[in-house]
Amino acid sequence: MSEENAGKLNRLQRDLPEGLVVSAAWLTAKGYSPQLCNKYVANGWLQRLTQGVYRRPGGKLVWEQVVISLQTLMEFPALVGGRTALTLQGFAHYLTREDTDVHLYGRKPIPAWLNRLPIGVRFHYHNTATVFRNEPITRGLTSLAWNLNDGSAVSTQAMDGAFDSIPWGQWEWPLTLSTPERAILEFLDGLPNHESFDQADKFMEGLATLRPRRLQRLLVDCKSVKVKRLFLFFADRHQHAWLKHLDKSAIDLGTGKRMLARGGKLDPHYMITVPEELYGSK
C-alpha cells in the first residue's frame, strides 16, 4: 500500500467510528474514490450494506447507529420524533406491541437507502411543515467529536425545548430526538389514520411531567387545529398539574367541527368527534 493510501485509511478510521454508516457521497467528499472504497471492502476495512452505503465493520447494525450517523456524520436535519421519541424517553409503559417502525421528522425527505438496510425496521418520514411553523434545525445537529470531548448533551432548552439529545451505546453517541412536549404533538398528528385514540390516551396518561412553558410555545407555534384540539381534549381528560399553567386563550383553535372518529361523539368544547368510550369516561 502506498504511503498516501495508508494515510487515507488511517484518516478513515479516525473520521468514521466503528459500526457507523455513511453514504458513498460522504466518502467521495472526503476524498475516497469508488475504486478505493471497493478495495477497502475487499480487504474488510469497509462493509457495503446496500448500493451506495457503507460502514466500518463492528457488531450488529441497529437503527440507532443509522440515525446517529445520519444526524452527525452526514449532518442530515432529521429528528427522531412522535411515537419513537416518546418510547425512547420512557412513556410507553402501557404499550406492549413491539415497534419495528422508526419515525423521523424534518422538512427534507430522508434518503431512500434507509429502507434498504438489512436491520428489520421501517423508517417513516414526516414533514414537520404540516404541524409547526418554525423548524428547530436546518442543518446537522451535533458532532461525535463535540459530544465525546466535553461529555455534555444538547441543552434541553435548545430551540425553545423542541429537541434534546440522549447518549446511546458504549461510546455515548448523541441521538437527537423531539422532547416529550413536541413528540406528543407529532404523535397526535397521526390520528386517526396512522395512530389510535387508545394509544394517544395511554401516552397522555403518562405525561405528567411535561413542562408548561415548552408546551405553550409549541402549541402557539403549532399550525394544526386538529393537533391542538386533540391535545387539549386529552389534557382536560387527564388533568395533569401542568394543565393549569397553560394559557388556552393564546392558542388558536380555529373554527368549525372536526370529525375524527366515525360513529363517535362530538365534544362540544373542542368541537371534535372522538370515540364514545373516551368521551363517556371523561
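What you are looking at is a predicted structure, and each value in this text was computed from that prediction instead of being measured.
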Look up atom [atom1] in [X] and atom [atom2] in [Y], then write down how far apart they are to the nearest 0.5 Å.
X      : Y      : atom1 : atom2 : result
Leu218 : Glu181 : CG    : CD    : 7.0 Å
Asp164 : Gln89  : CG    : CD    : 7.0 Å
Arg83  : His194 : CZ    : NE2   : 12.5 Å
Asp198 : Leu278 : CG    : CG    : 7.5 Å
Lys228 : Asp221 : NZ    : CG    : 9.0 Å
His269 : Arg229 : NE2   : CZ    : 10.5 Å

Would you check if the side chain of [X] reaches a backbone N or O of [Y] as a donor-acceptor pair within less than 3.5 Å?
X      : Y      : value
Tyr125 : Ala78  : no
Glu195 : Ala200 : no
Lys226 : Asp189 : yes
Ser33  : Leu36  : yes
Arg133 : Cys222 : yes
Lys108 : Phe76  : no
Ser69  : Val21  : yes
Arg48  : Val41  : no
Asn115 : Phe123 : yes
Arg11  : Lys30  : yes

So with a 6.0 Å cut-off around [atom1] of [X], is the heavy-atom count from everything else above 12?
X      : atom1 : result
Lys223 : NZ    : yes
Gln51  : CD    : no
Arg213 : CZ    : no

Of all residues at least two apart in sequence or in a different chain, which pass the ring pair (Phe, Tyr, Trp, His ring centres under 6.0 Å) check with [X]?
X      : result
Phe187 : Phe203
Tyr54  : none
His126 : His103, Tyr105
Trp63  : none

Taking only residues two or more places apart in sequence, or in another chain, which ones meet [X] in a side chain to side chain contact (heavy atoms under 4.5 Å, CB included)?
X      : result
His238 : Asp201, Met204, Glu205, His240
Thr28  : none
Asn43  : Lys39, Trp45
Arg262 : Met259

>> Enumerate the salt bridge (charged side-chain N to carboxylate O under 4.0 Å, His left out) contacts for residues 50-71, please, sequence neighbours excluded, ordered by first and then second residue.
In response: none
Would you mind reporting whether [Y] and [X] have side-chain heavy atoms less than 4.5 Å apart?
X      : Y      : value
Tyr40  : Leu12  : yes
Leu185 : Leu219 : yes
Phe233 : Leu188 : no
Gln65  : Trp168 : yes
Leu260 : Leu191 : no
Asp15  : Val22  : no
Leu210 : Pro180 : yes
Leu79  : Leu177 : no

Let me check something: do [X] and [Y] share a hydrophobic cluster, defined by ILVMFWY side-chain heavy atoms less than 4.5 Å apart, either directly or through other members?
X      : Y      : answer
Leu88  : Val66  : yes
Val225 : Leu266 : no
Leu114 : Val121 : yes
Met271 : Phe234 : no

> In chain order, what residues pass the salt bridge (Lys or Arg N to Asp or Glu O under 4.0 Å) check against Arg107, with sequence neighbours excluded?
Replying inline: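 If we apply the salt bridge (Lys or Arg N to Asp or Glu O under 4.0 Å) test to Arg107, skipping adjacent residues, the hits are Glu135.
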> How would you list, by chain and number, every residue that makes a salt bridge (Lys or Arg N to Asp or Glu O under 4.0 Å) with Lys248, sequence neighbours excluded?
Replying inline: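 Result, salt bridge (Lys or Arg N to Asp or Glu O under 4.0 Å) vs Lys248: Asp236.
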For residues 250-258, which side-chain donor-acceptor pairs fall under 3.5 Å, sequence neighbours excluded?
residue, atom, partner, partner atom, Å
Asp252, OD1, Gly254, N, 3.0
Arg258, NH1, Thr255, O, 3.0

